[in-house]
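First the structure, in the form of structure tokens, and then the observations on it.
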Amino acid sequence: MPAYEIGGKSFEHDEEGYILDVNVWTEELAALLAEKEGINMTSEHWEVVNFLREYYNEYQIAPAVRVLTKAVAKKMGADKGNNKYLYELFPYGPGKQACKIAGLPKPTGCI
Amino acid sequence: MVEFQIPVLNDVPAEFDTKFTPGAMAHLKPFLAKADHNVPLGFPGELVDDWQKKAIDRMGDLVKRYRSLAVYLDSCVKCGSCADKCHYFLGTGDPKNMPVARQDLFRSVYRRYFTPTGRVFGSLVGARDLTKEVLDEWYSYFHQCSQCRRCSVFCPYGIDTAEISMAARDVMDHIGVGMKYCNEIIAKVHKIGNNLGLPKPALADTLEGLEEDVQDGTGHPVRFPLDVKGADILLVTPSADFFAEPHVDGLIGYAKVFHQAGVSWTMSSYASEAGNFGMFIGSYEQMYKVSNRIRKAALDLGVKRIVFGECGHAWRVAYSFLNTLAGPWDFLDPAYPVPQHIIEFTYDLIKRGGIKVDAEANQGMVLTVHDSCNVARASRMGTMPGGQFILPREVIKACVPKFVDMHPDTIGDKTFCCGGGGGLLTDDLMELRIKGAMPRMEALAQVIRDEGVTHMAAMCAICKSQFTKVLPYYGMKMEMIVSVHGLVSNAIQLGTNKI
Ligand code: SF4
Ligand code: SF4
């Protein structure tokens, strides 16, 4: 299995770069993944990533887009609670790109 | 992120104008399924030792089991009518993506092992041994067919490349060469109940959130019921409807229609998926297992009717095979079709005045519609011939100020696949998805240019996701794609009338 290496620690990942074990995730890893994706992590990005992890801990799946936009609206203001804003933060799609950075498995299905 | 050229859109849709390029797509293969994905489906975890013999045995089983498959393999006269009808050939220029050439990948092996001339004369009559190179070619090009059946419409013998693709994938699965995207998803359905792997608590939380949203937005207590015993209608919808945009707008539309019609309905956490990827991998056994979740849910909940949400291949499986796979449905109310499509349901209500829709609610929108391949060529809606084309259009027209159709060679039974059907809606095939969308993009660009179209409605979860992803590569906005019931959701007048 391929793996990311940070300071002697290694994080195994799949063919597309999603880490295999959600529990080994660290903020340094998120920063590295974001860099690889060409994303400059602002506090807004971190808000999204942290929410994804909280939600995953409770439900074992990433939140639906509506659930995520609602949470973003609550935390960052109503004008930001929409899909378009999330795409501005994560151009390859909040579902996939943000999940990768947050250490969640890739969502599957017809999405 | 993209390291290939995006096709240039031509003014005339549905014509071949890409550079003819042998081998253009030979490099493309989806990720291989691992043991974790294969074993729960009863397939070997990885390539088995005596794979060649096993593959040929399986091929023999299939041609015996499916008479149609043997006929398709025997009857092609190489007339070439199908050659330029596949969106993947039109978009890639790779001659192996011509339907007849795709069939020949399988046919040549069939000839070699199952016909007297092939056994004796071999390559003289186009017969080939099943070597590792041939297997690799199969893996690549049978995952470049979305099983959309457009080619079969143009074949004088009605040869269905989709069925050959399904058979090839089935043979490969039986020797441990499965595709990750499909097999991982089917394993999730067996374990959790849907393609996403959305467990019940997350589903319940998501639906509760939608109830709040609709209450806040409209002031009406529209419910999104889950696992309600004794409800009249079981709605089975693609799990993408719970999760993604613009799918969820469609789900909200269905809920508003049920609410306004005053019917009792429910969704099921056990059968929380309409889609049936068993069809994509050509596995009757998997299709059977997935379908029977719906039967069990219907029995456990004691419903009287089953309605399907907007999902193309689900509707094909439901319309054509549900009775064989999961019937008999004698416990349901015989006064209603089994199953019924949500578009049929809404169409009837609009016609009867059971719900009112106001096109002004979608002011400024000029709509066109993408006929989904599986709805168009493998099913029907309602009782009239061509209902699968008429009903969606009637529903859309009732809900918007202006509607125009795309080029006649790209709609109805000649519709093009979105480019992501047949189990190919995965990031590892993005190059194929973008190139394969070209014919639809050409037709769409034409009506944007000539008719001022602002939005394209879709009635399939895969189409919606595929277009949302690929439109930006062609300089169009992802928000252009809407659900048919997203339009209904905006236009329906809540609280104004009860039957
Ligand atoms: S079924 Fe569709 S994708 Fe497959 S070869 Fe025919 S036209 Fe192409
Ligand atoms: S149209 Fe039919 S008969 Fe003609 S080449 Fe294609 S598959 Fe063969």
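First the proteins, then the strands, lettered A, B, ... as listed; each starts at 1. Values below: every heavy atom of this structure, side chains too, minus hydrogens, waters and symmetry copies.
- Ion pairing of B/Lys29 with B/Asp428 is absent here, as no side-chain N (NZ or NE/NH1/NH2) approaches a carboxylate O to less than 4.0 Å.
- Using a 4.5 Å cut-off between heavy atoms, B/Lys34 touches chain A through its side chain atoms alone.
- There is no side-chain donor-acceptor pair under 3.5 Å between B/His313 and B/Ser372.
- Donor-acceptor pairing under 3.5 Å is lacking for the side chains of A/Thr69 and A/Asn83.
- The part of B/Glu479 that comes within reach of chain A is its side chain, from C-beta onward, which places non-hydrogen atoms under 4.5 angstrom from that chain.
- For the set B/Val189, B/Leu198, B/Thr468, the count of heavy-atom pairs under 4.5 angstrom toward chain A peaks at B/Leu198.
- Under the 4.0 Å criterion applied to side-chain N and carboxylate O atoms, B/Lys464 and B/Asp249 are not assigned as salt-bridge partners.
- Counting heavy-atom pairs closer than 4.5 Å to chain A, the top-ranked of the candidates B/Glu212, B/Glu245, B/Glu273, B/Lys200 is B/Glu245.
- Heavy atoms closer than 4.5 Å to chain A are found nowhere in B/Asn194, neither backbone nor side chain.
- For B/Pro201, the parts lying near chain A are the backbone and the side chain together; criterion is any non-hydrogen pair under 4.5 Å.
- At a 4.5 Å heavy-atom cutoff, the contact between B/Ile185 and chain A is made by side-chain atoms alone.
- Proximity to chain A (any heavy atom under 4.5 Å) is shown, for B/Ser239, by neither the backbone nor the side chain.
- A/Ile19 places a side-chain heavy atom less than 4.5 Å from the side chain of A/Tyr4.
- With a 4.5 Å cut-off on non-hydrogen atoms, A/Pro105 does not touch chain B at all.
- A distance of 14.5 Å separates CG of A/Asn82 from NZ of A/Lys70, quoted to the nearest 0.5 Å.
- B/His27 and B/Glu431 share a donor-acceptor pair across their side chains, judged by distance under 3.5 Å alone.
- Between chain A and the options B/Ala202, B/Ala244, B/Ala240, the largest number of non-hydrogen pairs under 4.5 Å is found for B/Ala202.
- Note on B/Phe277, B/Phe242, B/Phe31: by heavy-atom pairs under 4.5 Å with chain A, the leading option is B/Phe31.
- The aromatic rings of A/Phe51 and A/Tyr55 lie tilted to each other, with the angle between the two planes from 30° to 60°.
- Looking at B/Leu32, only its backbone comes within 4.5 Å of chain A, counting heavy atoms on both sides.
- A salt bridge (charged side-chain N to carboxylate O under 4.0 Å, His left out) with A/Arg66 is found for one member of B/Asp205, B/Asp213, B/Asp241 and no other, namely B/Asp213.
- Counting heavy-atom pairs closer than 4.5 Å to chain B, the top-ranked of the candidates A/Val67, A/Asp14, A/Val65, A/Leu68 is A/Val65.
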